[in-house]
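Right, one structure below, let's go through it.
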Amino acid sequence: MSGTGTSRFRAWWAQRPPAAGAVVLATGIVSVGLSLAGYEVLSRIAFGLACAFWLGLAADFAVRLLWDRRRWLTEAGTPGALTAVAATAVLGTRFSIAGWQTVAEALLAPAVVLWPGLLVRVLGNWRGRMPGTVFLGCVATQSLAVLGATIAGAEAVTWLAHTALVLFWFGLVLYGFALARFEWRQVIIGAGDHWIVGGALAVSALAGSKLIAADSARLYLWNSDDRGVLRAATVALLVLDVAWCVVLLAAEIVWPRLRFDLRRWSTVFPLGMTAATTLSVGSAVDVSWLRTPGEVVLWIAVAAWLVVAAGTVRFYLAATSGVRSTGPR
């Protein structure tokens with residue numbers, strides 16, 4: 001890349017929104033879904049892209065924390081900041097599925113450290129009716145539950161599974177509070193992040209399925225009553241998620257929003273999460289026919305990822321062509 005191109009990229013990158021972590025979140029969960037469906041080559045390609053995106057965002061996160069503290073604190077109070085926690089947890093889940101438990105645990109640590117501080121700051125800034133990003137508190141919390149339950153099942157760690165269960169129920173409480181704050185008109189006018197209202201339910205159902213799957217003969221976690229409650233809650237969450245997806249899709253058809261917006265990554269994430277959740281729930285509760293609808297939604301999510309990725313590239317090219325370089329010529 002030329003010096004001018006590099007300077008333009010830096011200028012454009014500096015303007016990126018705090019919710020840019022949705023790119024990692026969407027790519028990571030598509031990778032998880034592809035892996036669950038058995039498309040390992042495609043899953044690894046998406047996995048590699050998610051890792052590359054995460055490294056770039058993590059480096060930028062650290063730079064702003066150390067050298068632009070005022071801006072970091074300002075952005076840390078916005079709901080989009082919680083995508084850093086959710087994206088890190090989803091990436092950790094993909095590492096755990098791949099058998100890299102040490103790396104998964106290493107990603108769990110910073111996600112857990114960041115989560116309470118960011119959550120408190122974000123909740124403190126809730127004002128009036130809000131867009132779909134209001135549900136990111138639930139998404140971040142449930143993403144931690146998913147990663148914790150996945151590692152617990154792989155490593156037979158009882159306390160981690162019980163902690164993930166607490167996060168699961170707390171995430172549902174956060175969803176209820178977020179629903180009370182959600183601006184319902186966003187279903188009609190939202191630019192993409194309104195889909196998180198369904199995505200939050202999907203990641204909650206995924207957490208429930210991972211908690212069910214974590215139980216085994218070597219790791220006795222739940223009695224029959226506990227397992228029954230978890231199963232019922234998980235299936236109900238999946239049904240509600242699918243219902244929301246139908247409503248949101250119908251709204252997109254009736255009130256089309258064809259103009260590209262970076263917030264469309266927050267549309268890809270719920271689609272990918274719904275696919276991965278359907279496949280995971282089908283396995284956890286032993287309902288084999290869920291695999292077919294899970295794969296159908298998965299390919300819809302892959303198609304949406306490709307469309308939004310292409311739109312992002314075009315958006316970047318248009319943005320950088322209009323950004324004057326301040327670097328050496």
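Here the structure is a predicted model, which means the values were calculated and not measured. Starting from 1, each residue takes its place in the sequence as its number.
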Contact summary for T277 and A202, nearest pair of heavy atoms: OG1-O, 2.8 Å
Working to the nearest 0.5 Å, report the span between CG of L237 and CG of L201. 6.0 Å
When you look at E40 and R94, which way does the salt bridge (charged side-chain N to carboxylate O under 4.0 Å, His left out) test go after all the steps? CA-CA 12 Å; E40 202 58 39; R94 182 61 184 87; 2.9 Å; yes
Does the side chain of E105 reach to within under 4.5 Å of the side chain of E155, using non-hydrogen atoms? yes
Can you see which heavy atom on V139 is nearest to which on A86, and at what distance? CG1-CB, 3.9 Å
Interatomic distance, OG@S266 vs CD1@I196, rounded to 0.5 Å, equals 4.0 Å
Pair L172-S204, side chain to side chain contact (heavy atoms under 4.5 Å, CB included): steps then yes or no: CA-CA 7 Å; L172 294 183; S204 299; 3.8 Å; yes
Any side-chain heavy atom of L57 sitting closer than 4.5 Å to one from V24? yes
Give me the atom names and distance for the closest heavy-atom approach of A46 to T27. O-CG2, 3.2 Å
Note: with side-chain heavy atoms under 4.5 Å as the link, the other cluster members for V254 come out as I188, I189, W255
Could you measure the distance from the NZ atom of K210 to the CG atom of D215? Nearest 0.5 Å is fine. 14.5 Å
S209-T234 side chain donor-acceptor pair, cut-off 3.5 Å: no
Going hydrophobic residue to hydrophobic residue with side-chain gaps under 4.5 angstrom, can you get from V308 over to L306? yes
With side-chain hydrogen bond (donor to acceptor under 3.5 Å, both in side chains) as the test, would you mind laying out the steps for T150 and T93 before giving the verdict? CA-CA 7 Å; T150 304; T93 299; 4.7 Å; no
I'd like to check Q142 versus F168 (side-chain heavy atoms, cut-off strictly below 4.5 Å). Are they in contact? yes
Taking everything shown except W159 itself, do over 12 heavy atoms lie less than 6.0 Å from its CH2? no
So do the side chains of V187 and W244 get within less than 4.5 Å of each other, counting heavy atoms only? yes
Go through L25 and L91 one step at a time and tell me if the side chain to side chain contact (heavy atoms under 4.5 Å, CB included) criterion holds. CA-CA 8 Å; L25 191 54; L91 197 62; over 6 Å; no
Spatial distance of atom CD1 (I212) from atom CG (L221) [nearest 0.5 Å]: 11.5 Å
Does D286 CG have over 12 foreign heavy atoms under 6.0 Å away? no
If you compare all heavy atoms of G33 against all heavy atoms of L298, which two are closest, and at what distance to 0.1 Å? O-CD2, 3.7 Å
Please name the pair of heavy atoms, one in A178 and one in F135, separated by the smallest distance, quoted to 0.1 Å. CB-CD2, 3.5 Å
Connecting only ILVMFWY residues whose side-chain heavy atoms lie within less than 4.5 Å of each other, what is the rest of L258's hydrophobic cluster? none
Less than 4.5 Å apart, side chain to side chain, heavy atoms only: is that true for L206 and M273? yes
Apply side chain to side chain contact (heavy atoms under 4.5 Å, CB included) to the pair S35 and F47, showing each step before the final yes or no. CA-CA 10 Å; S35 179; F47 185 26; over 6 Å; no
Look only at the side chain of H162 and the backbone of L160, and say whether a donor-acceptor pair between them is shorter than 3.5 Å. no
Do Y175 and W169 land in one hydrophobic cluster if side-chain heavy atoms of ILVMFWY residues count as linked below 4.5 Å? yes
If two hydrophobic side chains count as joined below 4.5 Å and joins carry through other members, does V30 share a cluster with V297? no
With clusters defined by side-chain heavy atoms of hydrophobic residues (ILVMFWY) lying less than 4.5 Å apart, directly or transitively, does L248 cluster with V307? no
Ignoring hydrogens and geometry, is there a side-chain-to-backbone donor-acceptor pair from T88 to A84 under 3.5 Å? yes
Are V229 and D226 close enough that some pair of their side-chain heavy atoms sits under 4.5 Å apart? no
W299 atom CH2, over 12 foreign heavy atoms within 6.0 Å: yes
Rounding to 0.5 Å, atoms CG (D193) and CH2 (W265) come to a distance of 15.0 Å
What pair of heavy atoms forms the shortest contact from G282 to L290, and how long is it? CA-CD1, 3.6 Å
Would L119 end up clustered with L179 when hydrophobic side chains under 4.5 Å apart are linked, directly or stepwise? yes
Please work out whether the ring planes of F315 and F260 are parallel, tilted or perpendicular, with thresholds of 30° and 60°. tilted
Begin from the C-alpha positions of L211 and W222 and carry the test side chain to side chain contact (heavy atoms under 4.5 Å, CB included) through to its verdict. CA-CA 9 Å; L211 286 165; W222 330 117; 4.0 Å; yes
Under 4.5 Å between any side-chain heavy atoms of R181 and F177, yes or no? no
Hits for salt bridge (charged side-chain N to carboxylate O under 4.0 Å, His left out) against R129, two or more places apart or cross-chain, chain-then-number order -> none
For a 4.5 angstrom cut-off between non-hydrogen side-chain atoms, does V90 reach V146? no
The reported gap from OG in S96 to CG in L147 (rounded to nearest 0.5 angstrom) is 7.0 Å
Can you confirm whether R257 is buried at CZ, in the sense that more than 12 heavy atoms of other residues, nucleotides or ligands lie under 6.0 Å from that atom? yes
May I ask you to decide whether R264 forms a salt bridge with E252, counting only side-chain N to carboxylate O separations under 4.0 Å? yes
